[in-house]
2 protein chains.
Amino acid sequence: MDASQLDLVLAAMAHPSRRRMLDLVSSVPGMSVTAVASHFDVSRIAVMKHLRLLETAGLITSRKKGRVRHLFFNPIPIQLVYDRWTTQYAGFWAGRMADLKTRVEGRAEKEELKSA
Amino acid sequence: MDASQLDLVLAAMAHPSRRRMLDLVSSVPGMSVTAVASHFDVSRIAVMKHLRLLETAGLITSRKKGRVRHLFFNPIPIQLVYDRWTTQYAGFWAGRMADLKTRVEGRAEKEELKSA
DNA sequence: TTGATATGTAACCGTTAGGTTACGTGTTGT
DNA sequence: ACAACACGTAACCTAACGGTTACATATCAA
C-alpha cells in the first residue's frame with residue numbers, strides 16, 4: 001500500500017458516519033445502499049457519496065444484482081494500515097516501553113530504599 | 001477516547017506531511033518548529049498549522065522554552081485507535097481468518113488427494 | 001403494462017482544509 | 001543596544017467535503 005492509498009483509507013475512517021457504515025456492512029454482508037441509508041438522517045445521496053469514498057479506499061466492495069447494489073466489507077486495507085503503523089513505530093514502542101519500564105523500576109527501587 | 005477524538009486522530013494521520021512530521025518528531029524528541037519546517041517545501045506557517053492539528057489530536061505535545069517551542073511525539077492516541085479497531089472488528093477478523101484457514105486447508109486437502 | 005422501487009447523475013451551496021503573504025511580538029547573541 | 005531569530009496572528013485565496021434538490025434510468029411486481 002502506497003502513501004496515497006493510506007491517505008484514502010485513513011480519511012475514509014475519519015468520519016463517524018462512515019465508520020458506522022462499515023459497522024453496518026460488516027455485520028450484514030450484502031446490504032443494499034437503501035438499507036444502509038435507512039440508518040442515517042442524511043439523504044440517500046449523501047450516503048451514496050460516503051459509500052463511494054469507502055469503496056475508493058478499498059474498505060468496501062460492491063456487486064450490482066438487478067436494481068440492487070450489494071455491499072461487502074473488506075478488512076484488508078485496515079490490516080495493512082495496522083502493519084504499517086506497527087512496523088513504523090515498532091522501535092519507538094519498544095524504546096518507550098523500555099524507558100517507562102526503567103523509570104517505573106527506578107522509582108520502585110527508590111521506594112524500596114525509602115521504606116528500607 | 002470518544003468518537004470525536006477518534007475523528008481528530010484519524011484525520012490528523014490522513015495527510016502524508018503530517019505523518020512525516022510525526023516521524024521527524026518521534027525520531028528527534030524536542031525538535032523545534034523551524035527545524036521541522038526545514039524538511040518541507042511549504043511555508044513555516046503551513047507547517048505550524050499541521051503541527052497544531054497534530055497537537056489538538058494529542059499526537060504531539062509541546063513546551064515553549066525561551067523563543068523555541070519544543071515538540072514531543074505522543075503515541076498514546078495511536079495505541080487507543082489500535083485497541084478500538086482490534087476490539088471492534090475482532091469478531092470479524094476471527095471469522096475471516098477461520099474462513100481463509102478453512103479454504104486454504106480445503107485446497108491443501110484437494111492437492112493431497114490429487115497427488116495421492 | 002405500469003406503478004413502485006433502487007440506484008445514479010447533475011447542479012448547486014456553505015464550510016473547512018491547506019496554502020499563501022504581511023506583519024507583530026518576544027528572545028538571544030554580539 | 002540592536003540585529004537576527006523563533007514563533008504567532010491576521011487576512012486572504014482556492015479546492016475539496018458534506019450536504020441538498022431535481023431529475024433520469026433501470027428493474028421488479030402485480
Flag, side chain of R20(B) to backbone of F40(B), donor-acceptor distance under 3.5 Å: no

Heavy-atom donor-acceptor pair, R18(A) side chain to A11(A) backbone, under 3.5 Å: yes

For atom [atom1] of [X] and atom [atom2] of [N], their distance in whole Å:
{"X": "R44(B)", "N": "dG18(C)", "atom1": "CZ", "atom2": "C1'", "answer": "16 Å"}
{"X": "K49(A)", "N": "dG8(C)", "atom1": "NZ", "atom2": "P", "answer": "14 Å"}
{"X": "R69(A)", "N": "dT5(C)", "atom1": "CZ", "atom2": "C1'", "answer": "16 Å"}
{"X": "I45(B)", "N": "dA17(C)", "atom1": "CD1", "atom2": "C1'", "answer": "16 Å"}
{"X": "D41(A)", "N": "dG18(D)", "atom1": "CG", "atom2": "P", "answer": "17 Å"}
{"X": "H70(B)", "N": "dC7(D)", "atom1": "NE2", "atom2": "C1'", "answer": "12 Å"}
{"X": "K64(A)", "N": "dA26(D)", "atom1": "NZ", "atom2": "P", "answer": "9 Å"}
{"X": "R52(B)", "N": "dT9(D)", "atom1": "CZ", "atom2": "P", "answer": "6 Å"}

Inter-residue atom distance L51(A).CG - L59(A).CG, 0.5 Å rounding: 11.5 Å

Any N/O donor-acceptor pair, R67(B) side-chain to dC5(D) base, under 3.5 Å: yes

Sugar-phosphate, base or nothing in reach of S17(A), heavy atoms under 4.0 Å: nothing

Which listed nucleotide ([options]) is nearest to the side chain of [X]?
{"X": "H15(A)", "options": "dT9(D), dG19(C), dG19(D)", "result": "dG19(D)"}
{"X": "M48(A)", "options": "dG8(C), dG26(C), dG19(C)", "result": "dG8(C)"}
{"X": "H50(A)", "options": "dC5(D), dG19(D), dT7(C)", "result": "dG19(D)"}
{"X": "S43(A)", "options": "dT21(D), dG18(D), dT21(C)", "result": "dT21(D)"}

Where R19(B) and M13(B) come nearest, the two heavy atoms and their spacing: NH1-O, 2.7 Å

Heavy-atom closest pair, residues V36(B) and M21(B): CG1-CG, 4.0 Å

First of R18(A) and G66(A) reached from the 5' end of DNA chain D, by closest nucleotide: R18(A)

N/O (side chain, T34(B)) to phosphate O (OP1/OP2, dC7(D)) under 4.0 Å: yes

